[in-house]
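Just so you know, these numbers use all the heavy atoms, side chains as well, and skip hydrogens, waters and symmetry mates. Chain identifiers are assigned alphabetically (A, B, ...) following the order of the sequence lines, protein sequences preceding nucleic acid strands; residue numbering begins at 1 within each chain.
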There are 2 protein chains.
Amino acid sequence: MLFTMSESNILDLLLSVTHTLQADQDRELDRRGLTTARTHLMWVLFHGGPATQVQLAEALAVTPRNVTALVDGLEATDLARREPHPTDRRAVHVHLTERGLSIMETMNAEHTALGSDLLAGLDEATVATTIRGLEAIRANLERLIAEHEAARAE
Amino acid sequence: MLFTMSESNILDLLLSVTHTLQADQDRELDRRGLTTARTHLMWVLFHGGPATQVQLAEALAVTPRNVTALVDGLEATDLARREPHPTDRRAVHVHLTERGLSIMETMNAEHTALGSDLLAGLDEATVATTIRGLEAIRANLERLIAEHEAARAE
DNA sequence: TATTGTTATACTCTATAACTATA
DNA sequence: TATAGTTATAGAGTATAACAATA
């Protein structure tokens, strides 16, 4: 992640925290022989159930061709499998295997635990205000992006 | 980025914000014909001055071989150049070109502006508490990672 | 005619290993 | 002998374009 070298403002602090989160997660995935892109696809299946490759491409914001490659990799490592689509013979239904499901359950539990552990030692008022602050930042960010896109479209 | 589908906790909120930031930045880089990895290298040069490729490899946490490829790309687009190292004939000194420097100055200004714009409408107390909250989260995160590494090393 | 997924091709980022030139 | 950087090779993620099968 870029822009984490100085921390003169809240943006750098935010990026620093998520850079550390990301690096930690990458190490964990590497230990399990997983990659970020494939895990992301599994995460979508875990939370949304079986899906066609076009649906996965939309969810991941990548091309259908890319999903073909990702599912190939997941099938080769017994993490997901292609099954016939119940009604459309052109499409396939991608499912998690038992192994893939088990891994995602573990990762989901770890994710939830991390969410609590990160707040250790913070009082409720601080947590509440931090959440409000982050939500305001997100709202500002989305407004800025929308304004920027609008200006560009002129 | 993973794990941004639900936002039941502050971790998901945090990841959601930085996911949006990252996506916005990727679009900007793409418009300028830049990539994340090459821009990161330029960012290191911009803030740290000319460096050898080994130093860049350490700063970016990649292999020296990878830096060769990144600098090749930056040289081909007139964003950086290799110069002889003043004292070590084995090494090269990588510099930003005028064009590279100009782009980094623009990006740095945009980054600073974004840092302020994200706080629009927030009162000082909220900002201060949000910063405290994020710093506590970062401290917890670093402690958790250290504990985890220690447990693994046993 | 439109959609789903694949084959073909290419570029970027990344790694390891072997090698050259220099220290 | 150790270090800086490159050549060689490989894998993963990503894209566009052309194509087959099906809707």
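- Taking atom CG of B/Asp72 as the reference point, atom C1' of D/dG5 lies 11 Å away to the nearest angstrom.
- Inter-axis angle, ends of the helix from C/dT1-D/dA23 to C/dA23-D/dT1, five pairs per end, rounded to 10 degrees: 10°.
- Distance CZ (B/Arg38) to P (C/dT14): 11 Å, rounded to an integer number of Å.
- For A/Leu60, the side chain to side chain contact (heavy atoms under 4.5 Å, CB included) partners are A/His40, A/Leu41, A/Val44, A/Val62, A/Leu70, not counting sequence neighbours.
- A/Gln53 has its CD atom 16 Å from the C1' atom of D/dT14, to the nearest Å.
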* Structure fact -> Letter by letter from the 5' end, nucleotides 18-23 of chain C scores (B base, S sugar-phosphate only, - none; protein heavy atoms under 4.0 Å) ---BBS
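- Partners of B/Glu149 under the side chain to side chain donor-acceptor pair (under 3.5 Å) rule, at least two apart in sequence or in another chain, are A/Arg31.
- Screening residues 114-151 of chain A for ring-ring contact (aromatic ring centres under 6.0 Å, His included), with sequence neighbours left out, gives no hits.
- Partners of A/Thr63 by side chain to side chain contact (heavy atoms under 4.5 Å, CB included), not counting sequence neighbours, listed by chain and number: A/Arg65, A/Asn66.
- Following rounding to the nearest Å, B/Leu74 (CG) and D/dG5 (P) show an atom-to-atom distance of 15 Å.
- Listed by first and then second residue, the salt bridge (Lys or Arg N to Asp or Glu O under 4.0 Å) pairs involving residues 35-58 of chain A amount to none (not counting sequence neighbours).
- In the hydrophobic clustering of this structure, A/Leu14 groups with A/Leu114; members are Ile, Leu, Val, Met, Phe, Trp, Tyr whose side-chain heavy atoms approach within less than 4.5 Å, directly or through other members.
- Donor-acceptor pairing under 3.5 Å is lacking for the side chains of A/Asn9 and B/His111.
- Partners of A/Arg99 under the side chain to side chain donor-acceptor pair (under 3.5 Å) rule, at least two apart in sequence or in another chain, do not exist in this structure.
- In this structure, B/Gln55 does not reach the D/dA4 phosphate: none of its side-chain N or O atoms is under 4.0 Å from OP1 or OP2.
- Residues passing the side chain to side chain donor-acceptor pair (under 3.5 Å) test with B/Thr126 are B/Asp123, sequence neighbours excluded.
- Between B/Leu41 atom CG and C/dT14 atom P there is a gap of 10 Å when expressed in whole angstrom units.
- Near-neighbour residues of DNA chain C inside residues 57-71 of chain A, defined by a heavy atom below 4.0 Å, number-ordered: A/Arg65, A/Thr68.
- When the side chain to side chain contact (heavy atoms under 4.5 Å, CB included) test is applied to A/Pro64, the partners found at least two apart in sequence or on another chain are A/Ala57.
- The separation between A/Leu29 atom CG and D/dA12 atom P is 15 Å, rounded to whole Å.
- The CG atom of B/Asp26 sits 11 Å away from the P atom of D/dA15 (whole-angstrom rounding).
- With sequence neighbours excluded, no residue forms a side chain to side chain donor-acceptor pair (under 3.5 Å) with B/Asp78.
- The interatomic distance linking A/Leu34 (CG) with D/dG13 (C1') rounds to 15 Å, in whole Å.
- In terms of phosphate contacts, A/Arg82 brings a side-chain nitrogen or oxygen within less than 4.0 Å of OP1 or OP2 of C/dT6.
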